[in-house]
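Structure first, then comments.
It should be emphasised that the depicted structure is a prediction, and the values quoted were computed from it without experimental measurement. In what follows, chains carry the letters A, B, and so on, assigned in the order in which the sequence lines appear, proteins first and then strands, with residues in each chain numbered from 1.
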Amino acid sequence: MDRQSTGTNDISLDALRSGSREAFAQLVERYSPSIYRLALRITGNSQDAEDVLQETFLKAMNALSDFQGRSSVSTWLYRIAVNESLMLLRRQKRANTIPVELENDENQDGESETLEIEDWCCLPEKELLSSESRAFLDQALNQLSPRLKMVFQLRDIEGLSIQETADALELTEANVKTSLMRARLKLRELLTGYFHEKLSGRAA
Amino acid sequence: MTNHPLTCKEILQQINLLIDGELEAELCDQLEKHLRECDNCRVVVNTTTKTIELYQEIKGQDQLPEDVRKRLYLRLNLPEPRRDL
């Protein structure tokens, strides 16, 4: 599977550290869409996502001179965004919000004992990517625990490596791998249930 | 790796590595052999791969809205770069 590059190779770290506005604007341009998507995924609404987006880059701007470079700048940005998002959720203490810690959800999203077997890959693209299907994909991802959701979002949607995902979420690589597998299988299960109906509809 | 044929359960334990193309060659051969002969595992692997592909495809619909982008640059007090990057 193709993985997009998440490197900041062509944005000079020295320029960023020395306060170059141009270099920082490049960083914002490159990472604001994925930071926004991540914040939207965690907080669940666009106003909160925008707040997180702004706070993330403000914090980064103020802290860049102290940035040690132990992880990449992008991973560091994701880590700030995750913390900002979780902090915002905790502040709001929404009654209907599932726990916002990156808890170990060993038993919450466990794979079911039996797997649904239905080959829906043959459905035409226009059906797989209809606006209704897109809405379901979104809804399915939101059903996962915060941890699985974030791991899937960073690794499979934004294309970070296992190590970068682990750094961004402050988890071990082993935890990321386990969560990733659970997330993938859980989403596959949900999508199979959804597309199963589409297939039965076609056969009818 | 032992020489006994892989069970379906073992296949699924390796599904991440399989999907990400990170399996050792020897194990990969055994897995491919299993997948050729086991319809169920093949469906699980294919639909899992497709699941990930669908999410990657719809990523494009969640671009940064123009007004959000403008307010971000305003808040950061930075000039907006030209968009032809």
*Check A/Met181 against B/Gln13 and note the closest heavy-atom contact, atom names and distance.*
SD-O, 4.0 Å
_Let me confirm one number: the CG-CD1 distance from B/Asp20 to A/Ile162, rounded to the nearest 0.5 Å._
6.5 Å
*Proximal component of A/Leu141, with respect to chain B [non-hydrogen, under 4.5 Å]*: both
*Student check: side-chain heavy atoms of A/Trp120 and B/Lys50 closer than 4.5 Å*: yes
*Give, as side chain, backbone, both or neither, the part of B/Arg42 having an atom under 4.5 angstrom from any heavy atom of chain A.*
neither
_Part of A/Glu125 lying under 4.5 Å from any heavy atom of chain B_ = side chain
_Nearest non-hydrogen partners of B/Pro79 and A/Ala25, listed with the distance_ = O-CB, 4.2 Å
*Between the side chains of B/Thr51 and A/Arg188, is a donor N or O closer than 3.5 angstrom to an acceptor N or O?*
no
_Could you check whether A/Glu50 pairs with B/Arg69 (Lys NZ or Arg NE/NH1/NH2 to Asp/Glu carboxylate O, under 4.0 Å)?_
no
_Heavy-atom neighbours of B/Gln63 CD exceed 12 at 6.0 Å_ = yes
*Heavy atoms, side chains only, cut-off 4.5 Å: are B/Glu80 and A/Glu29 in contact?*
no
_With chain A as the partner, which of B/Asn77, B/Asp39, B/Ile15, B/Leu54 has the greatest number of non-hydrogen pairs under 4.5 Å?_
B/Leu54
*chain A heavy atoms under 4.5 Å from B/Leu17: which part of the residue, side chain, backbone, both or neither?*
neither
*Looking at A/Leu129 and B/Glu57, what are the two nearest heavy atoms and their distance?*
CD1-OE1, 3.0 Å
*Is B/Asn16 reaching over with its side chain to a backbone N or O of A/Lys177, donor-acceptor style, under 3.5 angstrom?*
yes
*Looking only at heavy atoms, what is the nearest atom pair of A/Ala140 and B/Tyr55, with distance?*
CB-OH, 3.6 Å
_Residue B/Gln14 versus chain A: region with a heavy atom under 4.5 Å_ = neither
*Report yes if some heavy atom in the side chain of B/Thr47 is under 4.5 Å from a heavy atom in the side chain of A/Leu191; otherwise report no.*
no
*Do any N or O atoms from the side chain of B/Gln56 and from the backbone of A/Asp156 form a donor-acceptor pair under 3.5 angstrom?*
yes
*List the atom of A/Val28, the atom of B/Leu78, and the distance in Å for their closest heavy-atom pair.*
CG2-CD1, 4.2 Å
*Run the numbers on A/Leu58 and B/Arg75 for side-chain contact (heavy atoms from CB on, under 4.5 Å), then give the verdict.*
CA-CA 8 Å; A/Leu58 278 173; B/Arg75 179 90 195 273; 3.3 Å; yes
*Got more than 12 heavy atoms from elsewhere within 6.0 Å of CD, A/Glu197?*
no
_Please classify the contact of A/Leu187 with chain B as side chain, backbone, both or neither, using a heavy-atom distance under 4.5 Å._
both
*Between atom CG of A/Asp138 and atom CD1 of B/Ile58, what is the distance when rounded to the nearest 0.5 Å?*
6.0 Å
_Closest non-hydrogen atom pair between B/Asn46 and A/Cys121, with its separation_ = O-SG, 3.5 Å
